[in-house]
Structures are given as structure tokens and as C-alpha cells.
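Single-structure report; data block below.
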Amino acid sequence: MSDKKTLTVNGQEVEFTNERNLLEVIRKAGIDIPTFCYHSELSIYGACRLCLVEVEGRGIMAACSTMPGEGMIVHTDTKEIRSMRKISVELLLANHERECPTCVRSANCALQNIASRLGVDKIRFKSLRKHQPIDHSSPSLERDPNKCVLCGDCVRVCSEIQGIGAIDFANRGSKAKVAPAFDSEIGKVECVNCGQCAAVCPTGAIVPKQDRNRVWDALYNKEKTVVVQIAPAVRVALGEQFGARPGENVAGKLVAALKLMGFKHVYDTSFTADMTIFEEATEFLGRFTEQRDLPMFTSCCPAWVKYAEIYFPELLPNISSCRSPQAMFGSVAKKVLPEQLGCERKDLIVVSIMPCTAKKFEASLPKFAVDGVPEVDIVITTSEAAQMINSMGIDLMSLEPEAFDMPMGFATGAGVIFGTSGGVMEAALRYAVEKVEGKPLASVDFKAVRGMEHRKEANLNVAGKEIRVAVVHGLAEAKKLISDIRSGAVHYDFVEVMACPGGCISGAGQPIGATDAIRKKRQLGLYAADKTHQVQKSQDNYLVSRCYQEHLGGCPGSKEAHHRLHTIYQNRSQLFDAKIPIMKGSVENPLQITVTICAKQENCPGQLLLGMISQYVKDQGYAGRVNLDAAFSSRPQEDGTICVTIGDRIVERTKFTNAVNTIEQLENQAAFALIKKEIDLSVINS
């Protein structure tokens, strides 16, 4: 028996089955009703009221929140509906920052597009909204509240896909707005820089931080040698902005364009993706043999790493200590290229073209700098690279392809598939399984870890040993997986996590508007590129092997390789939404004490501890040498743990006695330093 039913849309009979609302049925019929707040991968919100339709016998209603029914007669465009839509858009434009020519989303803005479609050529209403400052606090994102139309897409993607909730609605009525908790800056809350909010924002209220002018400045500086690395996922998406089909590999054309723009050399991040496999797979085999710190989690996605640092710091020993391919490239490039290219290290500028906004954050971390100079100097997104190409008038699709520069332009297919969910795992398995079995692989394909499912699992029998692996994308799904591991419901040895849907192929720096269909085409483009490479296993990259011999101590896991290619992580569980000063010291460099109070937890024990610590500081006569803050967090501790920071130490599972002991230790150090300073001053004065 068929589940198909029919309804009528603008006089045409349309079949429907399991569509979740009338809007989806209408779009299936080839009619694109305008909307801001509707997103097929998010929950239904129904706020913008642009998708209004008239259903005979039921009146005007929102198509996104109306279930389709057998025999419905629907009109998507009447005089009344068109008038209502135009008024809605006019009201939005009245309060919208209308500097379209200078907006990053100009010509790719839903508000601009809908206004044009509806023929809105003048605005009859006065703006009632007070201008708000632009938030530049994040190294990855820029937030302009003056462009926000309150569609809620960013709020829902952060909560539903990423499970974070770094931004939400605040206030009511005409004062309603989208903002981080306590109206903080986005760079000071638990944002992990994934940028998926920017990927779904229809109006440019949240966009990736723009760094392309810094690249132009470097290229124009004749004293600098500027090189660039291109991430795997960029090659199957950038062409979309020049008329190519999704998934079409334009790597060779992009190399040619970058050479025309003035880059000295163009390299492939897939080279250090292969290097990552040398290190990461070796690390995994060591852990698996010794059965320690399992499951091991991949470390290529900086948004996932920061998420773990904030929410699951107890898992940090389980995350591979390997740097990401971008960070490895920066480290190796700054060591090797100055001599090869005949320039000083200080004059070498390394630029990255990445599909990811979190890579901007990663490159800015002090741990990836030497003497204060970043190893990756500037990160731009795929879209920024496309804008730079356009600004020079380069016709990308007409260019003859050129090859990447050697040696860091040679990569295997394994390095290329890093750009999609499951790719890192498959590349690692190609290495690890061959090493364990001690013979060449019969097939390099591990298709069980491929695909767009949010979680993929595989059990492999390797030389009589079972290796259990999992692949997950989307941080909300990663949280579920971690919960299942903790409960004992599942057991894995090796887990790949990527923050963005489908992996890097739909990072926030990629062309706007990625759907599941587009993601699948980009994914297939990477697997096709894998098949066309000369070699498909990272261990067969002879130029990586040569780099180890000449510059990295001879082999994976060597002391020099560990120094250059590995990293450490930071417990960020004390990242606060807001702080209130309770006590302020009067001396220079007072001891900083911060006590967490959860805003969502009734009878929070942190309040009692704060009072006890405050009284203790006063009783001991430390008040003048201590800053004491109450910090508010919207993240309740699952086990009731209160987090306290004293100096730069996080006092885990805090009890009052633990806090007191730490205060005494650090206060004694501070007192000694103060006495020493006074002695030094007396010596100088004498």
C-alpha cells in the first residue's frame, strides 16, 4: 500500500509522503518560498513569517510549521501575502545595517536577495534600534548585531548540531537580540570557533574574521617571501564560486591563480597530513600495544580539541598529542624553507588557505609560535581566497593547471581524504593495519568509515587482534559518543572527531549554502582525487620519509619529531561567561582566585565555598594581596565538582581544605617574591 498522498499547490497536484511540513512539499514542487529562519537540518522555529501561504478553508499560515494534509489547496502567492512579505522585509531592512557594498556577504545575502525578489526598492519605516558595537573579540569570527534579523539559525545550530549554546536569545520585545551569555564578547565564552553559526547566518551578522588584507600587505612587501599551503577540502569547494560543480577538483587551477597573485611557492597541506599519519598511527600502535589511554582520539580538528579542553578536560590524555596538519606544516616550513628559499626565518610568511574558521584560532595560539612569531602567520578561508582571486580579475576556470611545488607539494591519496569525515581514520588504518600485519594491504579502501552518517563504527581483525574504531562528526554527536563510552555501552580503541557536518568539506570557511547533497559531492570529489594519486598510503610518501631523515631525527616518534610535530593541551574548564569582583588587592600583581558559581544550578555549593574562601583570606590578613572573583558559568558540573582557580592552578574536585592549601603555597611564594623585591631595591638604593 502506497504512503503517497496529494495536495494542490497553485493549481498543480503535488504528491507528498513523509515531508515534515508544507514548506518542504512546496519546494519539492519547484517553488522556492522565501524564508530566513527555516533550515532543513535544524528544528522548526517559525519566527520570520516570510513563508506564509494561504490554505483554502484555513486561512494564511506559516508553511514551515504547518503539516501537509491530503487534499489541501494551497496558494503561495496572493496580493495579501505579497504585501505582508514586503512589509516584513521593509521592517527588517529598517533596523538593518545597510552598508551592503562593504559587507562580506554582499551578493550572497538572503535579505538582499529576498528584498530584490519582492521588489522592495524603498524603506518607508524609521530605524528604532540603537547601534550596537561590532564584536571583534574572536580570532575566528566577527559578530555585527546590527545586521541580525533574529532568525535564530545561529542559536539552533550552536545548540542542536554542536551541543554548546555559546549564543542565545536575550531580552524581549523590541529589545530582543542574539548574544553570548551575560552579553559577553564571543571570544570570551565557550565558543569553539567552529563557525557553523556563520555558515547558517543568512545576513552576515556573524561572518568569518577577514584576514585577506593582511595577505595582500605581505605580498606587496618585497622584503618578504610569502608561501602558501592549501588544505585538502579547499580543492573540491572553491570552484563553486567560479561556476564549477560541487566536488570538482580545482587544485591545479588554484595553484596557477596563486602564482599569478605573487605567492613564491604553493604547497599542499596533504603533505603534512601524510606526516600526521606517520606520527599519529605510530602513537596509536604504541598505545594499543600497551593498552594505555584508550580510546585515542584524533587531534586534527581544533574546534574539537577546544571543545574537549572546555567540557571534557579529563579526556585530554586520550587525545593524540600530534599537531594538526596545518600546525605541522608551519613548524616544518619555518625550519626547512628559509635555507631552501634563501631567506631569513623572520622574512618568511606562511599563509594557509583553510576550509575552517577554527584554524585561525589555532594559528594564533602562543604554543604554535617561536619567540612570539607564529609558525603559520596568516589563515584565510576558502571564500576569502576566492574573493582575492576575483579582486585580481583572474578567470580561475580558464587557467591551465599547475603543479604544487616540491617537496611539500607531494602527497598521497591518504593525505587528501583528510578533508572529509572518516578520512583521517581511513588514512591511519592504511598505515596501522599494514604495519601490524607486516605485509602490503590487499586493498587500501576501508569503506566502513566512509559516508555521511553522524556516527560510523567498525571492528577490524588485524593479525588476530580486534581493533574497534569509530568516526563521528558534529560536537553534539561527539558528546553522545563520549557519554556512551563513559557508561560502558561502547568500547573503542581509536576515535575520529570532526566538529563540522561531514568534516572539513563543510567547514565555515567554505562557500555558503552547503547541503547534504553538496557535501556528498565534495566528499566524492576527495575520494576521486585519492584514486588518481600515484600512491594512496601515507607511508609511501618518500618525500615525507626524506624530510624525517634530513630534518626530524630520522623516524616518527624521534625526539626532534616530537618537538616539532606534537603539542600539549590546556584545561579550559574554567572558561567563564562573566565575572564579578568580590575582593581587589592593593599590591602589584596580586594572587588571583576565581570561584565558579553555576547560573543554572539551584543551591550551588560554589556560593558557600566563595564565602568561606573570602572569610579565610580576610582572617589571614591576605586581603591586600588577593583578587577574588565570582565567575558565572552556564555549564553545571555533572558530578557536582566546584572549579576554583588559584593563580594559574586549577584546583580539581575542590574542597575548602584543598583551596586553603593551594592559597598558602602560592601566597608563600608571593610573599617571598615581595621580600626579595624589597631586598633588591634596598641594594640598588644603597
Flag for [Y]-[X]: side-chain donor and acceptor within less than 3.5 Å:
X    : Y    : value
Q162 : Q196 : no
S352 : Q229 : yes
E362 : Q326 : yes
H566 : S321 : yes
Y548 : E560 : no

[X] bridged to [Y] by N-O distance under 4.0 Å:
X    : Y    : value
R214 : D217 : no
D530 : R430 : yes
K521 : E240 : no
R292 : E290 : yes

With a 4.5 Å cut-off on side-chain heavy atoms, are [Y] and [X] touching?
X    : Y    : result
I349 : V227 : no
V305 : Y569 : yes
S421 : V471 : yes
K479 : Y307 : yes
R323 : E375 : yes
K480 : E477 : yes
F242 : I389 : yes
R522 : I518 : yes

Just how far is it from atom [atom1] of [X] to atom [atom2] of [Y], taken to the nearest 0.5 Å?
X    : Y    : atom1 : atom2 : answer
C194 : L475 : SG    : CG    : 6.5 Å
L294 : F288 : CG    : CZ    : 7.5 Å
N390 : Q387 : CG    : CD    : 8.0 Å

Checking the side chain of [X] only, and the main-chain atoms of [Y] only, is there a donor and an acceptor separated by less than 3.5 Å?
X    : Y    : result
E426 : F446 : yes
S324 : C300 : no
S383 : G509 : yes

Quick check: are there more than 12 heavy atoms from other residues, nucleotides or ligands sitting under 6.0 Å from [atom1] of [X]?
X    : atom1 : result
E466 : CD    : yes
K224 : NZ    : yes
K259 : NZ    : yes
E339 : CD    : no
K456 : NZ    : yes
H533 : NE2   : yes
R245 : CZ    : no
E550 : CD    : yes

Exercise. Are the aromatic ring centres of F271 and F410 under 6.0 angstrom apart?
Worked result: no
For this session: Please lay out, stage by stage, how Q210 and E142 fare under the test side chain to side chain donor-acceptor pair (under 3.5 Å).
Result: CA-CA 8 Å; Q210 300 298 295; E142 185 175 285; over 6 Å; no
For this session: Check the pair T567, K367 against side chain to side chain donor-acceptor pair (under 3.5 Å), reporting the backbone distance first and the verdict last.
Result: CA-CA 8 Å; T567 185; K367 64 181 180 179; 3.2 Å; yes
For this session: I would like to know whether M354 and V234 meet side chain to side chain contact (heavy atoms under 4.5 Å, CB included); could you show each step before the answer?
Result: CA-CA 7 Å; M354 293 285 140; V234 172; 5.7 Å; no
Exercise. Are D493 and R287 close enough, and set up right, to give a salt bridge (Lys or Arg N to Asp or Glu O under 4.0 Å), and what steps lead you there?
Worked result: CA-CA 9 Å; D493 300 303; R287 293 191 189 201; over 6 Å; no
Hey, can you pull the donor-acceptor pairs under 3.5 Å for the side chains in residues 331-338, sequence neighbours left out?
{"from": "S331", "atom 1": "OG", "to": "R564", "atom 2": "O", "distance (Å)": "2.9"}
{"from": "K334", "atom 1": "NZ", "to": "P374", "atom 2": "O", "distance (Å)": "2.8"}
{"from": "K334", "atom 1": "NZ", "to": "D377", "atom 2": "OD2", "distance (Å)": "3.1"}

For this session: With side chain to side chain contact (heavy atoms under 4.5 Å, CB included) as the test, would you mind laying out the steps for R455 and D484 before giving the verdict?
Result: CA-CA 12 Å; R455 188 192 299 191; D484 288 345; 3.0 Å; yes
Exercise. Are R450 and Y527 in a cation-pi setup, meaning NZ or CZ lies under 6.0 angstrom from the ring centre and within 45 degrees of the ring axis?
Worked result: yes
Problem set entry | Option among K360, K209, K359 that satisfies the salt bridge (charged side-chain N to carboxylate O under 4.0 Å, His left out) test with E384 | K360
Problem set entry | Step-by-step salt bridge (Lys or Arg N to Asp or Glu O under 4.0 Å) determination, D371 to K346 | CA-CA 10 Å; D371 297 329; K346 65 182 178 63; over 6 Å; no
For this session: I would like to know whether V266 and I230 meet side chain to side chain contact (heavy atoms under 4.5 Å, CB included); could you show each step before the answer?
Result: CA-CA 8 Å; V266 182; I230 303 171; 3.7 Å; yes
For this session: Show the numbers, then the answer: is there a side chain to side chain donor-acceptor pair (under 3.5 Å) between K306 and N193?
Result: CA-CA 9 Å; K306 187 178 181 184; N193 308 101; 3.3 Å; yes
Seminar exercise, completed: Residue pairs meeting ring pair (Phe, Tyr, Trp, His ring centres under 6.0 Å), one or both in residues 486-507, sequence neighbours left out, come to F284-F494
For this session: Quick one: which residue pairs count as a ring pair (Phe, Tyr, Trp, His ring centres under 6.0 Å) with a foot in residues 316-361, not counting sequence neighbours?
Result: Y267-F329
For this session: Assess whether side chain to side chain contact (heavy atoms under 4.5 Å, CB included) is satisfied between F418 and T272, documenting all intermediate values.
Result: CA-CA 11 Å; F418 259 57; T272 40; over 6 Å; no
